[in-house]
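I have a structure I would like to understand better, so I am pasting it below and will then ask my questions one at a time.
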Amino acid sequence: MKLVSALAAVAILTAIGLAGGSSGGLQSLFGIWVPYAAVAVFIGGIVLQVVRWAKSPVPFRIPTTCGQQRALPWIKNDSLEAPHTTGAVLGRMFLEVFCFRSLFRNTRMKIVGGNAAYGSSKWLWLGALAFHYAFFVILIRHLRFFLEPVPGLISAMDKADSFFQIGLPPVYQTDAVILAALAFLLLRRLLEPQVRYISFASDYFPLVLIGAIATTGALMRYFVRVDVTAIKQLAMGLATFSPAVPQGVGALFFAHLLLVCALLAYFPFSKLLHAPGVFLSPTRNLANTSREVRHINPWNPPVKVHTYEEWEEEFHVPMAKAGFPLEKEYKE
Amino acid sequence: MATPKPQELVNTIKPAPPATEWMDTPVDLRPGTFCYAGKPKFVEYLGFPFPREWRPQDEDWKLPPNWKEIILEGIRDRLLRFRSFHLFMDICVRCGACADKCHFFIGSGDPKNMPVLRAELMRSIYRREFTQAGRIFGKLAGARELTPEVIKEWYQYFYQCTECRRCSVFCPYGIDTAEVTMMGRELMHLIGVNINWILEPAANCFRVGNHLGITPHAFKGSIEGLVDDVETATGIRVNPTFNRKGAEILFVTPSADAFAAPAIFTLMGYMLLFHQIGLDYTFSAYNSEGGNFGLFTSNEMMKRLNAKMYAESKRLGVKWILGGECGHMWRVVHQYMDTMNGPANHLEVPRSPVTGTVFEHAKSTKMVHICEFTADLIRNNKLTLDPSRNDKYKVTFHDSCNTARGMGMMEEPRYIINKVMNPANFHEMPENTIREQTFCCGSGSGLNTDELMEMRMRGGFPRGNALKHVVDKHGVNLMACICAIDKATLSSLVDYWVPGTEIGGVHELLGNALVLDGEPERTQNLRGEPLKED
């Protein structure tokens, strides 16, 4: 049911895109205004979210230490898992953001014959990494539509991505990888009982949406001929703020574009916020120097404590009899 | 209801989630799986609101009429005060990597014990009340109404979380469900929903100084009793002092070390060590508890209880503070104390009077962990040790959650253990169950209460199971640890899962091995047992 509503939402978006693209009158709405609005919502939304998070202070220094602390000089500090310096924190964050370090640790627990057994489980890590890197390369590749002349680096990336292909048009490996990774992530959500149980429609929706974006993109490249020159003209116009919709941009392209816009606009209001959020995570981005450096809590509240004087007052007599040193003189 | 036998319990671990979706699955408050409500006198004493008689199993929890506004206002307030809380509400992608990392989930199979779902119990309310997507799309976006049923669910599951942070190690964004649990508990306190086994110890800590409410003279008497035991075991009379002004070092340890086996043997070990090196230290009866039960209630209560450490060190005029084997105390000392109750400018940067080592890593808090202190002594050859005195033990080491994942102390205790016994007799448990991946005792964060025994044994299953592995494989007969709650609760855990295994402290093993100046030949260990089996 949750998957069905996600599918339905994406199907409706695709249909709207197709319809908008084939009716001449709406092309400037779908080709110009919707993309501008989506980018504005994307950037504005993310900035707003990050500002909201940043406004809440980190009152305490709470890194999750996943390795040996730095304490005694002859015991080796695991600087990437319990970082002690800013450099080490950057190293830890680099591994987290670019290599998905924590996910790499993943294990799987099974109860076998009354005992818990733990095995390495790297599939989620691999699927997530494949998806994110393929997405990243595809994103960079698309810059060739927005830049003239196309920078050498992007052309080179383009070539490398289609390296294994003989014949025309070259098939991008990343297209295959992203679709495979999305299928894996979706199937995992559907087939693993525990993961299915925790999934909402809002977990299926981005997977299906990105899948539809990749599919419409691949369709245009390999199966339905589209006027690439016209599309580049449109993209360049958008990028240079002199937008115009040229003749010959097909309906399928408008569907692709609307889905991309939907993703952009959806981003700041969804779990996709994990992308900017990971940089702010206080369990990962702080050095484990809590005893070495004083950390300030901006709202550190005054509290009522039980003072020594109040305490001695209450236990004065038995303490005197037990021979404790006392602040106040004891009188029988 | 009696706790099921180990095999029965394993057989009841649910393999698959229920057919109904979690939002439509009502909470099942079944005896053995929830804690009793806070008694009004303790709620009142600590100044928490809405003290009243109520029972979790009752239909009506007698919530205050405006309970919903109080909770929502409480959430709003905490979103603004804790970035961790705010961020963790927004960025979870429900990938499920944390799911099978929680000891309560492993031992129960209850999907609401998956860290992700435990946090969703809170996130669903956050989305409904604080996000546009949740307001518009409701259930599709994982949002739901705040109802009394939700509070019951929070009560059940935020008190089936020991704040051990194991899930946080595996989360790709470092989401720490312990932070969510802490907020959940704070929020429930606002409407007078709390558990007695945290409030009564917290009230005792506040008023008397330790969680059991042992009066100052009884505290002193108890330690003096252990002085006699030390003399019986070693022939040496140690001479601890209490509330002594002008001592160089204030020694703070969990009160369990003074009162309950097996923790008392650890305290005997400390005293022997201090005697041997001639340490100028004092106990304080005012600050006779290192453990901080405030951590399990609210940020403010944690600060109120923690304040005694710096206050007492100031009053006594000591140079620095040494801390005993404890889990939560060290989480609080390491991550919170200096921020809450510092700066400790009345103290000096800790320096070992024996080796001269300056503990630079503690130069702001001015508090050193006993394992750091002792490891430094051994490394500098300041102690004479006879490892053969621990020959009857085959040992494994249980990292406590807080020192491992909240501090990063993993090597120091192992270094000591390997010097005070024959290293050939030391065996690690499987690697997915130690160090940063260590499993909780299942009873931390104030859940060490008998009415929760079934859940405690379920939560303790992964630890018990890993221990059983080394017991079967290597004949391990003692699990050493450096946490007082561990010492208290692992004993019931091993009685249940791995009968016949002992629990001991690192400094108990040290106390056994320590060769004291002028001591007669030792024939028994600190437990009063013969050193060698015949």
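Residue numbers start from 1 in every chain, and the chains themselves are labelled A, B, ... in the order their sequence lines are given, proteins ahead of strands. For the numbers below, each heavy atom of this structure counts, side chains included, while hydrogens, waters and symmetry mates do not.
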Please round to the nearest 0.5 Å and tell me the distance separating atom CZ of A:Phe324 and atom CZ of B:Phe219.
7.5 Å

Proximal component of B:Phe137, with respect to chain A [non-hydrogen, under 4.5 Å]
neither

Heavy-atom distance under 4.5 Å to chain A: side chain of B:Met23, backbone, both or neither?
side chain

I'd like to verify something: which residue of A:Leu124, A:Leu280, A:Asn77, A:Leu185 has the highest number of heavy-atom pairs under 4.5 Å with chain B?
A:Leu280

Quick check: under 4.5 Å, non-hydrogen atoms only, which of residues 97-105 of chain A neighbour chain B?
A:Ser102, A:Leu103, A:Arg105

Listed by chain and number, what are the ring-ring contact (aromatic ring centres under 6.0 Å, His included) partners of B:Phe105, not counting sequence neighbours?
none

Nearest-0.5 Å distance, CZ of residue A:Arg52 to NE2 of residue B:His86
4.0 Å

Of all of B:Lys245, B:Gln7, B:His369, B:Lys366, which one pairs up most often with chain A through heavy atoms under 4.5 Å apart?
B:Lys245

Distance-only polar pair, side chains of B:His334 and A:Asn288, donor-acceptor under 3.5 Å:
yes

Which residue out of B:Ala285, B:Cys92, B:Ala141 racks up the most heavy-atom pairs below 4.5 Å with chain A?
B:Ala285

Using every non-hydrogen atom in the two residues, find where A:Ile111 and B:Ile13 come nearest and quote the distance to one decimal.
CD1-CD1, 3.6 Å

Greatest number of non-hydrogen atom pairs under 4.5 angstrom with chain B, of A:Ala275, A:Ala82, A:Pro301, falls to A:Pro301

With a 4.5 Å cut-off on side-chain heavy atoms, are B:Leu140 and A:Phe205 touching?
no

Looking at B:Lys139, I'd like to know if its NZ atom is crowded, meaning that more than 12 non-hydrogen atoms belonging to other residues, nucleotides or ligands lie closer than 6.0 Å.
yes

Can you classify the ring geometry of A:Trp299 versus B:Phe82 as parallel (below 30°), tilted (30 to 60°) or perpendicular (above 60°)?
perpendicular

Not counting sequence neighbours, list each pair that qualifies as a salt bridge (charged side-chain N to carboxylate O under 4.0 Å, His left out) and has a residue in residues 89-99 of chain A.
A:Glu96-A:Arg284

Looking only at B:Leu9, B:Thr215, B:Asn11, B:Val208, the option with the highest number of non-hydrogen pairs under 4.5 Å against chain A is B:Val208

Value for CG (B:Asn299) from CG (A:Asn300), rounded to nearest 0.5 Å, stands at 8.0 Å

Heavy-atom pairs under 4.5 Å with chain B - which of A:Met319, A:His306, A:Arg294, A:Glu310 has more of them than the others?
A:Arg294

More than 12 foreign heavy atoms under 6.0 Å from NZ of A:Lys122: is that the case here?
yes

Ranked by heavy-atom pairs below 4.5 Å to chain A, first place among B:Cys95, B:Cys98, B:Ala16 goes to B:Cys95

Heavy-atom cut-off 4.5 Å, strictly under: side chain, backbone, both or neither for A:Arg196 against chain B?
neither

Heavy-atom contact with chain B under 4.5 Å, split by part of A:Glu81
neither

How many angstroms lie between CZ in B:Arg123 and CZ in A:Phe200, if you round to the nearest 0.5 Å?
9.0 Å

side-chain contact (heavy atoms from CB on, under 4.5 Å) between B:Glu21 and A:Lys2, intermediate numbers included
CA-CA 11 Å; B:Glu21 287 187 32; A:Lys2 297 166 187 164; 3.6 Å; yes

Could you have a look at B:Phe242, B:Tyr415, B:Phe206 and say which one has the most heavy-atom pairs with chain A under 4.5 angstrom?
B:Phe206

Taking A:Tyr197 for the side chain and B:Thr20 for the main chain, is one N or O donor matched with an acceptor at less than 3.5 Å?
yes

Is B:Thr25 close to chain A through its backbone or its side chain, or both, or neither, when contacts mean heavy atoms under 4.5 Å?
side chain

When B:Arg207, B:Glu312, B:Lys308, B:Met301 are compared by non-hydrogen pairs under 4.5 Å with chain A, the top option:
B:Arg207

OH on B:Tyr336 to NE2 on A:His295, rounded to 0.5 Å:
11.0 Å

Ring geometry between A:His274 and B:Tyr173 (parallel below 30°, tilted from 30 to 60°, perpendicular above 60°)
tilted

Nearest heavy-atom approach of A:Thr64 to B:Arg165 is CA-NH1, 3.6 Å

B:Glu431 atom CD: more than 12 heavy-atom contacts under 6.0 Å
no

Decide if atom CD of A:Glu313 counts as having more than 12 heavy atoms of other residues, nucleotides or ligands within a radius under 6.0 Å.
no

Under the side-chain contact (heavy atoms from CB on, under 4.5 Å) rule, what do B:Met407 and A:Arg291 come out as? Steps first, then yes or no, please.
CA-CA 10 Å; B:Met407 193 177 172; A:Arg291 276 190 286 159; 3.4 Å; yes

Answer with side chain, backbone, both or neither: which region of A:Val293 has an atom nearer than 4.5 Å to a non-hydrogen atom of chain B?
backbone

Main-chain N/O of A:Ala322 paired with B:Lys220 side-chain donor or acceptor, under 3.5 Å
yes

To check you understand the geometry: which heavy-atom pair defines the closest contact between B:Val93 and A:Arg189, and what is its length?
O-NH2, 2.9 Å

Output the option from A:Phe315, A:Trp125, A:Tyr266, A:Phe279 having the highest count of non-hydrogen pairs under 4.5 Å with chain B.
A:Phe315

Heavy-atom distances under 4.5 Å only: say whether A:Glu192 touches chain B with side chain, backbone, both or neither.
neither

Nearest 0.5 Å please: distance from the OG atom of B:Ser84 over to the CD1 atom of A:Ile62.
4.5 Å

Pick whichever of A:Ser202, A:Ser121, A:Pro298 has the most heavy-atom pairs under 4.5 Å with chain B.
A:Ser202

Is chain B contacted by the side chain of A:Ser5, its backbone, both, or neither, given a heavy-atom distance below 4.5 Å?
side chain

Residues of residues 68-75 of chain A with any heavy atom under 4.5 Å of a heavy atom in chain B:
A:Gln68, A:Gln69, A:Arg70, A:Ala71, A:Leu72, A:Trp74, A:Ile75

Is it the case that the side chain of B:Arg83 and the backbone of A:Ala54 share a donor-acceptor pair, with hydrogens and angles ignored and the cut-off at 3.5 Å?
yes

Test side-chain contact (heavy atoms from CB on, under 4.5 Å) on A:Tyr118 and B:Lys101 and set out the steps.
CA-CA 10 Å; A:Tyr118 313 89; B:Lys101 308 304 181 286; over 6 Å; no

Hey, are B:Arg315 and A:Glu312 close enough for a salt bridge, meaning a charged N less than 4.0 Å from a carboxylate O?
no

Heavy-atom closest pair, residues A:Ile198 and B:Arg94:
O-CD, 3.1 Å

Do A:Thr283 and B:Ser168 get their side chains close enough for a donor-acceptor pair, meaning under 3.5 Å?
no

Looking at every heavy atom in both B:Pro17 and A:Gln194, which two are closest together, and how far apart are they?
CD-NE2, 3.9 Å

Most heavy-atom pairs under 4.5 angstrom with chain B, which of A:Asn106, A:Val278, A:Thr289?
A:Asn106

Write down the atom of B:Glu436, the atom of A:Thr65, and the distance for their closest heavy-atom approach.
CB-O, 4.0 Å

Could you tell me whether the side chain of B:Lys303 and the main chain of A:Val305 form a donor-acceptor pair under 3.5 Å?
no

Let me know if B:Glu179 has heavy atoms under 4.5 Å from chain A in its side chain, its backbone, both or neither.
side chain

